[in-house]
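Since the structure comes first, as structure tokens, the remarks are kept for the end.
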Amino acid sequence: MSETESRPTNFIRQIIDTDLAQGKHTSVQTRFPPEPNGYLHIGHAKAICLNFGIAQDYDGLCNLRFDDTNPEKEDIDYVHAIEKDVHWLGYEWAGDVHYSSDYFDQLHGYAVELIEKGLAYVCFLNGEQTREYRGTLKEPGKNSPYRDTSVEENLALFEKMRNGEFKEGECSLRAKIDMASSFMCMRDPIIYRVKFAHHHQTGDKWCIYPMYDFTHCISDAIEGITHSLCSLEFQDNRRLYDWVIDNISIKTQPRQYEFSRLNLEYTVMSKRKLNSLVEENLVSGWDDPRMPTIAAFRRRGYTPASIREFAKRIGVTKMDNTVEMSVLEACIREDLNDNAPRAMAVLDPIKVVIENFDQDKVETLNVKNHPSDESQGTREVPFTRELYIEAEDFREEANKKYKRLVLGKEVRLRGAYVIKAERFETDDQGKVTTVYCSYDPETLGKNPADGRKVKGVIHWVSASEALDAEVRLYDRLFTVPNPGAADDFHSVMNDESLIVIEHAKVEPYLVNAKPEAAFQFERQGYFCLDNQDSVEGKLVFNRTVGLRDTWAKIEAK
RNA sequence: UGGGGUAUAGCCAAGCGGUAAGGCAGCGGGUUUUGAUCCCGUCAUUCCAAGGUUCAAAUCCUUGUACCCCAGCCA
């Protein structure tokens, strides 16, 4: 696709422009810093495109850094999944992957430095007491009784913490700042806690782990990050970020800027809710095509370019926002309209018998793979006496607005002939099973010579040559735009978010389909082969997104 | 009067004292062997509200209002 050529403009890029113009920086260094405790979702994609996009446009660098300071919640599997997602989106990080845990020795050193400066102390208040001492939003906290322990003793105590001489929760290292600060995070925040946990990178080397606020700013400084971009909820934390940097002997001064997270209509983005969808088997897994995860979008048939374009279109601001699904859908349709080869598939088949076509003949038709892009070539599509068409494409009678096959009238078979419905058969329930037609052999690749107008065009496949395929039609997971606001999201789940069509009929050329590669099934939408369940002998297609359907609107009126 | 943030169309979003970009969605029309695509047209006399400054205000000032975030040894 042709991604919008113009460079995005947003308040962060304006800050960078100013910094560069004023000589505050000569180059730009950003980072994408996920905690490896889950799968990336479309909201992370926004952050990835922001950070890597800025690095690209400013000839700078963007690091991939795993913010792995809480081993209990993290797993090496997530780091691999995240690396894959970032690469899939089309980005390359600078040098090796970084980990906050790479800096545990240095972090420890800076903690000791704070203690030596009288700016940190070991506190033996338990969790409950710590909370009580912290005060409330409107009332100041009070000083910990351990706040005035001598530097020497704190040094010894911290050493004992490090050596595993205290139990988890027994004590913590706290920065000595201001228990009356209006910023809750400045009320002597805990910067190290005891955890006898095995770490996926550092093994059992440590039994104390640094907290986010202490770690992140120092990691940024160590890596020479110039602009540290994070989401809005860290605005208060910026005061602590700056306090730490200002009070340790480190030369670089990274700056933190905050932007708003992405919210998407009809889905949820919180890790907790996504996790329960998986845990409760409400979806098949983290990559269930209905999920908002990167892995799910990949499996569903979204392209990296479409996600990047989406990130560009939604912009970057500090405003709370909830983007409509239609923006995402427009991005993938735009890409796939240009790039997806066309094919024909019949999802709800009824038989058509062309009575004046030879019984055993298989005519090979050459059909264009793309209506306007000649470079995509043609393919061979077999035409036979018996075909399948979509059940909804035939009616015994209909008004002039219905441009499909009607008894006694003509319609064009896409890429083939004009046919006329002569009679039909139904089953016991009255459902049409077979339509007997005649075809006009003079209409292949041209209109009827006598000037008859045939305005309808329908898709079809050869009954004998078509392949069986399972087709999965996905829809939004929830019935309301903001399911996150519901008391119980279970009550607003869309029970028709997945419709499985077991026996769809697809044209034979689709046997060559590759996982995740898109096709447009003409008149229906964009589909790709499922990357998990499609195996030799069993084709499984996922609907990425339907075509715009103005007929549905007309019909609804 | 705890603090930190944000208010521009249905949804995103430009705008940075000189008279409201763009995208998505919608609506109307044209082309079309996909009811797709494509093309054309249309869509904020007004920027949360009310005052004020100014020749000129979405932009500056004042006072309000609404919404989001902060009291994890999570990130």
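Residue numbers begin at 1 in each chain, while the letters A, B, ... track the order of the sequences. Note that these values count all heavy atoms, side chains included, but never hydrogens, waters or copies made by symmetry. Just so we're clear, the structure is a prediction, and the values are computed from it rather than from any experiment.
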What form does the base of B/G4 take, syn (within 90° of 0) or anti? anti
Determine, step by step, whether A/Glu555 and A/Tyr402 satisfy the side chain to side chain donor-acceptor pair (under 3.5 Å) criterion, reporting the C-alpha distance in whole Å, the side-chain angles of both residues, the deciding distance to 0.1 Å, and the verdict. CA-CA 9 Å; A/Glu555 209 176 22; A/Tyr402 184 81; over 6 Å; no
Atom CZ of A/Arg13 and atom P of B/A13 are separated, to the nearest Å, by 16 Å
When rounded to whole Å, the CZ to P distance for the pair A/Phe310 and B/A25 reads 13 Å
Counterpart base for B/A25, defined by Watson-Crick or G-U wobble contacts under 3.5 Å: none
Starting at CG of A/Asn10 and ending at P of B/C16, how long is that distance when rounded to a whole Å? 16 Å
Grab the NZ-P distance between A/Lys318 and B/A13 for me, whole Å please. 13 Å
Say you draw a straight line from CG of A/Asp393 to CD1 of A/Ile458; how long is it, rounded to the nearest 0.5 Å? 5.0 Å
Heavy atoms from other residues, nucleotides or ligands near NZ of A/Lys195 exceed 12 (cutoff 6.0 Å): yes
So for atom CZ, which belongs to A/Arg395, do other residues, nucleotides or ligands contribute more than 12 heavy atoms lying within a distance under 6.0 Å? yes
B/A7 and B/C61: how far apart are their P atoms, nearest whole angstrom? 14 Å
Has A/Thr9 got a side-chain N or O lying under 4.0 Å from the OP1 or OP2 atom of B/A14? no
A/Phe519 and A/Tyr509 aromatic ring geometry - parallel, tilted or perpendicular at 30°/60° bounds: perpendicular
Among B/U8, B/G23, B/G15, which nucleotide sits nearest the side chain of A/Met319? B/U8
Please give, in whole Å, the distance from B/C12 P to A/Tyr266 OH? 13 Å
Scoring nucleotides 30-39 of chain B by protein non-hydrogen atoms under 4.0 Å (B base, S sugar-phosphate only, - none) yields ---BBBSS--
Whole Å only: how far is the CZ atom of A/Phe259 from the C1' atom of B/C12? 16 Å
Can you measure A/Glu324 atom CD to B/A9 atom P for me and round it to whole angstrom units? 13 Å
Would you mind pulling out the nucleotide paired to B/U53, Watson-Crick or G-U wobble, both distances under 3.5 Å? none
For A/Ser181, answer base if it contacts any base atom (sugar-phosphate contacts may also be present), sugar-phosphate if it contacts only those atoms, and nothing otherwise; contact means non-hydrogen atoms under 4.0 Å. nothing
To the side chain of A/Ala330, which of B/A25, B/C16, B/G5 is closest? B/A25
5' to 3', nucleotides 65-75 of chain B under a 4.0 Å protein heavy-atom cut-off (B base, S sugar-phosphate only, - none) gives ---SSBBSBSB
Between B/U53 and B/U62, how far apart are the two C1' atoms, rounded to whole Å? 11 Å
Do other residues, nucleotides or ligands put more than 12 heavy atoms under 6.0 Å from the NZ atom of A/Lys420? no
Please state the P separation for the pair B/A9 and B/A50 - nearest whole angstrom. 16 Å
For nucleotides B/U8 and B/A58, find the distance between their P atoms and express it as a whole number of Å. 15 Å
Can a side-chain donor-acceptor contact be found between A/Glu410 and A/Tyr439 if the only test is distance below 3.5 angstrom? no
Below 4.0 Å: OP1/OP2 of B/G5 and any side-chain N or O of A/Arg239: yes
To the nearest angstrom, how far is A/Leu328 atom CG from B/C11 atom P? 18 Å
